[in-house]
Participant: 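Got a structure for you, written out below as structure tokens; questions coming shortly.
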There are 2 protein chains.
Amino acid sequence: MNSLEEVDDFVKNGHRHYLPHLSIDPVIFGYHDQQLKILLLKWKGLNGWGLPGGFIQRREPLSQAAHRILQERTGLESIFLQQFHIFGDSPYRLQERSTSEFRANYGLEVNDDNWLFERTLSVGYFALVDYSKVSVRTDFFTEDYQWWDVKQVPPLLFDQSEVVEKALATLRLQIYHQPIGYNLLPEKFTLPEIHTLYETILGKELDQRNFSKKLVALGLIKKLAEQRAIGPHRSPYLYQFEKEAYEDALKQGIVHTY
Amino acid sequence: MNSLEEVDDFVKNGHRHYLPHLSIDPVIFGYHDQQLKILLLKWKGLNGWGLPGGFIQRREPLSQAAHRILQERTGLESIFLQQFHIFGDSPYRLQERSTSEFRANYGLEVNDDNWLFERTLSVGYFALVDYSKVSVRTDFFTEDYQWWDVKQVPPLLFDQSEVVEKALATLRLQIYHQPIGYNLLPEKFTLPEIHTLYETILGKELDQRNFSKKLVALGLIKKLAEQRAIGPHRSPYLYQFEKEAYEDALKQGIVHTY
DNA sequence: AAAATATTCCGTAAAATTTACGAATTAAGA
DNA sequence: TCTTAATTCGTAAATTTTACGGAATATTTT
């Protein structure tokens, strides 16, 4: 959606193609430089940051819509994507913005009852993606994008700060029940790398030695013969996820005791 | 909503008061006779069982809508109620039913583009309630209600069997992280009672002795001086939840290790 | 070539938690 | 008073988690 005709049609007729009152807002997590990051878009005109969301087509299954939106925004297919909450307690969205402001910012004519200005509930998804494989596409409404360290996310538009917070909380809880990392790390990685990833996600220190022992004991990762050169120190071995054990753990969950 | 005028207005003008394309469908869990049960309504005309759902008012916060619907259906206020998923992959709802069938069943005139027949996504909530305090109100569309053992739930209308399944799965997972029982048991209960409740929810046996030890060790329950007479056997002591420890555990969660 | 430095990783033991189960206690009926 | 069936107490083994010492290793510096 880049040409002015397309945008005009989207604003004027979008309610015929999309379900009104609902949007999908994915929190896209990536990992780089020992930092957990999320992808944000800068909205033209509104001059603020927000999630790379989209709308659900009238006859499109919800989960399919989520995958489509992610694909359109990042080029990624078949990645870890999970719904975690629907937000509908702060009843306004664009409503806070007047249609005249919209007109001024984008030079588009809109009526006061335009569908984009109605109350919108937001379906929250979170995605875990390989940072290096993302190629972001901006469109008419978004003038910029940036990966932000989760520790330094700026205030977001609408109620989206709450969305990000809840996504992070869900991820932190889930890491106790499911293996995480397959989509956040390159295919081959070192023990210190996955160790730092987990520390970063959980926001606390984990004993290196015990952590590695645990992952190996669970059968989730296996040691390769190769090593990585990292400068003036001992070279760490490379590891790989055990696909089967990983999938099993994803499905069945790592349940603990009572 | 019982008089024919009210119903007619709801069908014809409901889309002005409620958000279209969205419904809230609560899975209401109660506990009785050592069985975990859910409350289902029998829909007049459709001749099938379904969840006691409702719609979201146009300017009403989502969580408030959920509480209102539950209150209207069961008379209960301020109970444990939690959103767990939004279902939108089977894109149809009443759509499968023709408007003519509707006309025949209820004797109401409806157009083919009536809002009730459009695609509807369902926001799933689950509630834990004191079985004995529920007083169900049926209305024009529902002719009967019944508590069903979760092990013997009949096939449900639309995609609601999936909703119930997911609710149960969420409850079973959550029981590892949060105390559960405050809303499902009477104020005073015995160890065997809470023990059976947990076994029933999890669907597996738990050692009585170790289970009790754990609950007491966590400080979640405290022993009272009273006992309950249960016939020709040793009388069990009554217990009560420790409100503070319980609330703490609810908030912080009972996290396990890595 | 040896020493210094920074990092990886192997191994063991203590502590805590979970699991398993024997046996004493108790209330009512026979 | 004895029997029966359920509750409750207590202890020990097994497993898991936590803690931490120290060896191995790849460069740069001396």
Side-chain angles (χ1 to χ4, degrees), chain A residues 33-34 175-177 179 181 185-186 188-200 202-240 245 249 252-258, chain B residues 33-34 175-177 179 181 185-186 188-200 202-240 245 249 252-258:
Chain A
D33 264 356
Q34 309 201 337
I175 206 173
Y176 287 113
H177 289 280
L185 292 171
K188 297 173 184 180
F189 51 86
T190 69
L191 285 185
E193 281 169 350
I194 192 172
H195 171 237
T196 309
L197 168 65
Y198 272 69
E199 283 193 333
T200 305
L202 289 173
K204 69 178 182 188
E205 287 193 2
L206 301 170
D207 186 280
Q208 258 172 312
R209 296 159 286 190
N210 295 330
F211 174 78
S212 312
K213 247 185 299 183
K214 179 112 192 190
L215 284 189
V216 172
L218 287 172
L220 288 177
I221 59 175
K222 71 160 178 270
K223 192 175 177 176
L224 303 175
E226 314 162 57
Q227 290 172 288
R228 168 175 297 163
I230 54 156
H233 312 300
R234 179 174 182 175
S235 304
Y237 282 94
L238 288 172
Y239 283 75
Q240 232 177 357
Q252 305 192 6
I254 306 164
V255 181
H256 79 122
T257 77
Y258 222 106
Chain B
D33 264 355
Q34 309 200 338
I175 207 173
Y176 288 112
H177 288 281
L185 291 171
K188 297 172 182 180
F189 51 86
T190 68
L191 285 185
E193 282 171 350
I194 192 172
H195 171 238
T196 309
L197 169 65
Y198 272 69
E199 283 193 333
T200 305
L202 289 173
K204 68 178 183 188
E205 288 192 3
L206 302 169
D207 186 279
Q208 259 171 314
R209 297 158 286 192
N210 294 331
F211 174 78
S212 312
K213 247 184 302 183
K214 180 111 193 191
L215 283 190
V216 173
L218 287 171
L220 288 178
I221 60 176
K222 71 159 175 272
K223 191 177 181 176
L224 304 175
E226 314 162 58
Q227 290 173 286
R228 168 174 296 163
I230 54 157
H233 312 302
R234 178 175 185 174
S235 305
Y237 282 94
L238 288 173
Y239 283 75
Q240 234 178 355
Q252 305 190 8
I254 306 164
V255 181
H256 79 126
T257 75
Y258 223 104

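All values derive from a computational prediction rather than experimental measurement.
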Participant: Which residues pass the side-chain contact (heavy atoms from CB on, under 4.5 Å) test with B:Ser235, not counting sequence neighbours?
Facilitator: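 B:Ser235 satisfies side-chain contact (heavy atoms from CB on, under 4.5 Å) with B:Gln227 once adjacent residues are dropped.
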
Participant: Kindly point out which of D:dC9, D:dA26, C:dC9 is positioned nearest to the side chain of A:Gln227?
Facilitator: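 Of the candidates, D:dA26 comes closest.
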
Participant: Specify the residue among A:Arg209 and B:Thr190 whose closest nucleotide of DNA chain D lies further upstream toward the 5′ end.
Facilitator: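 Going by which nucleotide is closer to the 5' end, it is B:Thr190.
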
Participant: Taking only nitrogen or oxygen atoms into account, show me every contact under 3.5 Å that the protein makes with nucleotides 11-13 of chain D, one pair per line with its distance.
Facilitator:
from, atom 1, to, atom 2, distance (Å)
D:dT11, O4, B:Lys213, NZ, 2.9

Participant: Give the rounded distance in Å between these two atoms: NE2 of B:His195 and P of D:dT8.
Facilitator: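 Spelled out: NE2 on B:His195 to P on D:dT8 is 12 Å.
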
Participant: Give the rounded distance in Å between these two atoms: CG of A:Leu206 and C1' of D:dT17.
Facilitator: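 Rounding to the nearest Å, CG of A:Leu206 and C1' of D:dT17 are 13 Å apart.
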
Participant: Restricting to side-chain contact (heavy atoms from CB on, under 4.5 Å), what partner residues turn up for B:Ile230, sequence neighbours left out?
Facilitator: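 Once residues adjacent in sequence are excluded, the partners of B:Ile230 under the side-chain contact (heavy atoms from CB on, under 4.5 Å) criterion are B:Arg228, B:His233, B:Pro236.
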
Participant: Taking OP1 and OP2 of D:dT15, is either one under 4.0 Å from a side-chain nitrogen or oxygen of A:Lys214?
Facilitator: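 So the side chain of A:Lys214 is outside the cut-off, no N or O lying under 4.0 Å from OP1 or OP2 of D:dT15.
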
Participant: Rounded to the nearest 0.5 Å, what separates atom OG1 in B:Thr196 from atom CD in B:Glu205?
Facilitator: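 Reported value, rounded in 0.5 Å steps: 10.5 Å.
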
Participant: Round to the nearest Å and state the distance from B:Tyr237 atom OH to C:dT26 atom P.
Facilitator: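 So the two atoms are 7 Å apart, to the nearest Å.
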
Participant: Can you list everything that forms a side-chain contact (heavy atoms from CB on, under 4.5 Å) with B:Leu191? Sequence neighbours excluded, please.
Facilitator: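 Scan of B:Leu191 (side-chain contact (heavy atoms from CB on, under 4.5 Å), adjacent residues dropped) gives B:Ser212, B:Ile221, B:Tyr239.
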
Participant: Show me the protein contacts with nucleotides 1-6 of chain D, counting only N or O atoms at under 3.5 Å.
Facilitator:
from, atom 1, to, atom 2, distance (Å)
D:dA5, O4', B:His233, ND1, 3.3

Participant: According to a strict under-4.0 Å criterion, is B:Lys223 in side-chain N/O contact with OP1 or OP2 of D:dC9?
Facilitator: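 It does, given that an N or O in the side chain of B:Lys223 lies less than 4.0 Å from OP1 or OP2 of D:dC9.
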
Participant: Report the distance from atom NZ of B:Lys204 to atom C1' of C:dT19, rounded to the nearest whole Å.
Facilitator: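 One finds 13 Å between C1' of C:dT19 and NZ of B:Lys204, rounded.
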
Participant: Taking it one step at a time, do A:Asn210 and A:Lys214 satisfy side-chain contact (heavy atoms from CB on, under 4.5 Å)?
Facilitator: CA-CA 6 Å; A:Asn210 295 330; A:Lys214 179 112 192 190; over 6 Å; no

Participant: What are the two closest heavy atoms between A:Gly219 and A:Ala245, and how far apart are they?
Facilitator: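 So the minimum-distance heavy-atom pair works out to O-CB, 3.2 Å.
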
Participant: Rounded to the nearest 0.5 Å, how far apart are NZ of B:Lys223 and CG of B:Leu238?
Facilitator: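 Interatomic distance, B:Lys223 NZ to B:Leu238 CG, rounded to 0.5 Å: 11.0 Å.
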
Participant: Could you check how far CG of B:Asp207 sits from P of C:dG22, rounded to whole Å?
Facilitator: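 In whole Å, C:dG22 P and B:Asp207 CG are 11 Å from each other.
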
Participant: Could you measure the distance from the CG atom of B:Leu215 to the CD1 atom of B:Ile194? Nearest 0.5 Å is fine.
Facilitator: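 CD1 of B:Ile194 is found 5.0 Å from CG of B:Leu215.
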
Participant: Using whole Å, what does the distance between atom C1' of nucleotide C:dC9 and atom CZ of A:Phe211 come to?
Facilitator: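 Going from A:Phe211 (CZ) to C:dC9 (C1'), I get 14 Å.
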
Participant: Can you check the B:Leu224 CG to D:dT8 P distance for me, whole Å?
Facilitator: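 It works out to 12 Å between those atoms.
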
Participant: Report the distance from atom CZ of A:Arg228 to atom C1' of C:dC9, rounded to the nearest whole Å.
Facilitator: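 Roughly 17 Å, once rounded to whole Å.
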
Participant: So, using side-chain contact (heavy atoms from CB on, under 4.5 Å) as the criterion, who are the partners of A:Gln208 when residues are at least two apart?
Facilitator: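 Once residues adjacent in sequence are excluded, the partners of A:Gln208 under the side-chain contact (heavy atoms from CB on, under 4.5 Å) criterion are A:His195.
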
